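Contents: one structure, followed by commentary.
The sequence lines fix the lettering, A, B, ..., with proteins before strands; numbering per chain opens at 1. Since we're looking at a predicted model, the values are computed, not measured.
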Number of protein chains: 2
Amino acid sequence: MAGRPERRPVCLGFPHVPPHAILTALLEKPSSGLELTRRFDRSIGYFWPATHQQIYRELGKLEQAGFIRALPSAQPSRGQKKEFEVLPAGRAELTAWASGEQDTKPVRNALVLRLRAAAVVGRAGLDAELRRHLALHERQLAQYEEIEERDFGAVAGPEDRLRRLVLRAGVGLETFWVQWLQEALAEVEDMEAGGRPGE
Amino acid sequence: MAGRPERRPVCLGFPHVPPHAILTALLEKPSSGLELTRRFDRSIGYFWPATHQQIYRELGKLEQAGFIRALPSAQPSRGQKKEFEVLPAGRAELTAWASGEQDTKPVRNALVLRLRAAAVVGRAGLDAELRRHLALHERQLAQYEEIEERDFGAVAGPEDRLRRLVLRAGVGLETFWVQWLQEALAEVEDMEAGGRPGE
DNA sequence: AGGAGCATGTAATCTGTTACATGATTTG
DNA sequence: CAAATCATGTAACAGATTACATGCTCCT
């Protein structure tokens, strides 16, 4: 009966994550959109990937909200590089966000789903797909370990220790997947060889 | 110059994942929308969560595509239970999907991001948040292990072996997070205690 | 001058989420 | 019968992805 209640605009507090990833990156170093994109492809992007389209969109919102501003040096023309820096309000926003709770986004993994599908419609090509993923994760793991060796040889201040923890998460995750894929491959190959009863 | 080329409708091949998760679940056992929702909350949903709204939407699309149909027994009235079963075309679609490659969705993890933010705006409340996540992952791990013990005591046919591999992935993932969080907590506590130079 | 590539940006679409709406069934 | 609950759905929106469009710079 009562008319639909007003729908509050959620944009004020920035409850979602991407803008905070960008604020963090900009506090580490003022950058343009493409520079951010490239830095996301390395470090931060391993745990929160973003394309340049997303980044430009968020930069626009952050600028409009007064959290960042374009460095005066850069012209605002189309193909011109435009660098941003964080304003005090932006730092405050990031601090507020970091003082709250971060919910874990549910995992979505199509390969695992395919295993379940294979239990119903058959395992054709399953071993090849497992091997493909194994190679991918081994490559990613090698890349993480190379970064760790290069950037974190000797432990330094708290900032670096925290950043190293992030990298350790990447190493641990990839290590897990490599192990699990090897286990899965062995199991599937054993099935193909007619290992146990049941088929 | 040249007018925009026709945009192909992507709906024919169902290139995305959710419908295939539903087809798998329906092949295991014909179900209604809410039953599917509950089964997703257990098993499959651990690696591809879906709310009942998503499931109803996908059920509608799958029915329209001729991949599933409502069991004739059920009335098509509003609050009435409506059970679906997979048609041959649906099984073929799932088989085709399972014979292809499954891309890994990029991980999105806000907690790790927060660690990086903490390196820039300070670590206030970080240990509490780490502890909170540790408790969550410990609980999830315990739940997985309980399921494993209950449902997979003795190994049976290939179907169960595959499903067990899925569960092993869950166990391994949670185990990793528990370990990493413990490592991170120790590191952060050491920093608070003024462990090393740099602050 | 012309072309390659850099840099910023727009448009359309799809997936997932949140909030709400409505019909049926059970239970006090 | 009224309230609680089960079950199916609708609407609106936010986040992410893909494809495309446009301006600038540098190099030959």
Under a 4.5 Å side-chain heavy-atom rule over Ile, Leu, Val, Met, Phe, Trp and Tyr, are [X] and [Y] clustered together?
X         : Y         : result
Leu167(B) : Phe176(B) : yes
Leu136(A) : Leu141(A) : no
Leu36(B)  : Leu87(B)  : no

Nearest to the side chain of [X] - [options]?
X         : options                  : value
Leu34(B)  : dT15(C), dT8(D), dG9(C)  : dT8(D)
Tyr56(B)  : dT8(D), dT17(D), dA7(C)  : dT8(D)
Ser32(B)  : dT17(D), dT8(D), dT15(C) : dT8(D)
Pro106(B) : dT8(D), dT17(D), dT17(C) : dT17(D)
Arg57(B)  : dT15(C), dA7(D), dA16(D) : dT15(C)

Find the distance [X]:[atom1] to [N]:[atom2] and express it as a whole number of Å.
X        : N       : atom1 : atom2 : value
Glu58(A) : dT10(C) : CD    : C1'   : 16 Å
Lys82(B) : dT22(C) : NZ    : P     : 19 Å
Lys81(B) : dT25(C) : NZ    : C1'   : 12 Å
Glu83(B) : dC6(D)  : CD    : P     : 17 Å
Arg38(A) : dC6(C)  : CZ    : C1'   : 8 Å
Leu59(B) : dT15(C) : CG    : C1'   : 16 Å
Ile55(A) : dT8(C)  : CD1   : C1'   : 12 Å

* To do: Taking only the side-chain nitrogens and oxygens of Lys61(B), find out if one of them lies under 4.0 Å from OP1 or OP2 of dT15(C).
  =>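 So the side chain of Lys61(B) is within the cut-off, an N or O lying under 4.0 Å from OP1 or OP2 of dT15(C).
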
* Phosphate contact (dT17(D) OP1 or OP2) by Lys105(B) side-chain N/O below 4.0 Å ->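 No, because none of the side-chain N or O atoms of Lys105(B) sits under 4.0 Å from OP1 or OP2 of dT17(D).
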
* 5′-ward residue of the pair Phe84(B)/Arg108(B) relative to DNA chain D ->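 Here Phe84(B) is the residue nearer the 5' end.
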
* Asked: If we fit an axis to the first five pairs and another to the last five of the helix from dA1(C)-dT28(D) to dG28(C)-dC1(D), what angle do they make, to the nearest 10°?
  ->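 Computed from the C1' atoms at both ends, the axes differ by 0°.
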
* To do: Measure the shortest side-chain to side-chain distance between Leu115(B) and Val188(B) over non-hydrogen atoms and say whether it is less than 4.5 angstrom.
  =>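 No. Closest side-chain heavy atoms not under 4.5 Å.
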
* Lys61(B) versus Gln64(B): any side-chain heavy-atom pair under 4.5 Å? ->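 No; the side chains remain at least 4.5 Å from each other.
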
* Just jot down the salt bridge (Lys or Arg N to Asp or Glu O under 4.0 Å) partners of Glu189(B), sequence neighbours excluded, or say none. =>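 With neighbours one apart ignored, the set is Arg131(B).
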
* Contacts of type salt bridge (Lys or Arg N to Asp or Glu O under 4.0 Å), residue Glu85(B), not counting sequence neighbours ->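 So Glu85(B) forms a salt bridge (Lys or Arg N to Asp or Glu O under 4.0 Å) with Arg69(B).
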
* When you measure from every atom of DNA chain D, which of residues 42-54 of chain A have a heavy atom less than 4.0 Å away? ->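 Those residues whose heavy atoms fall under 4.0 Å from DNA chain D, taken from residues 42-54 of chain A in numerical order, are Trp48(A), Gln53(A), Gln54(A).
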
* Could you list the residues that satisfy side-chain hydrogen bond (donor to acceptor under 3.5 Å, both in side chains) with His137(A), not counting sequence neighbours? =>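 With sequence neighbours excluded, His137(A) shows a side-chain hydrogen bond (donor to acceptor under 3.5 Å, both in side chains) to Glu174(A), given in chain and number order.
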
* **Candidate pair Leu34(A) and Tyr56(A), rule side chain to side chain contact (heavy atoms under 4.5 Å, CB included), full reasoning** => CA-CA 9 Å; Leu34(A) 256 220; Tyr56(A) 283 120; 4.0 Å; yes

* ring-ring contact (aromatic ring centres under 6.0 Å, His included) partners for His133(B), two or more places apart ->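 In terms of ring-ring contact (aromatic ring centres under 6.0 Å, His included), with neighbours along the sequence ignored, His133(B) is linked to no residue.
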
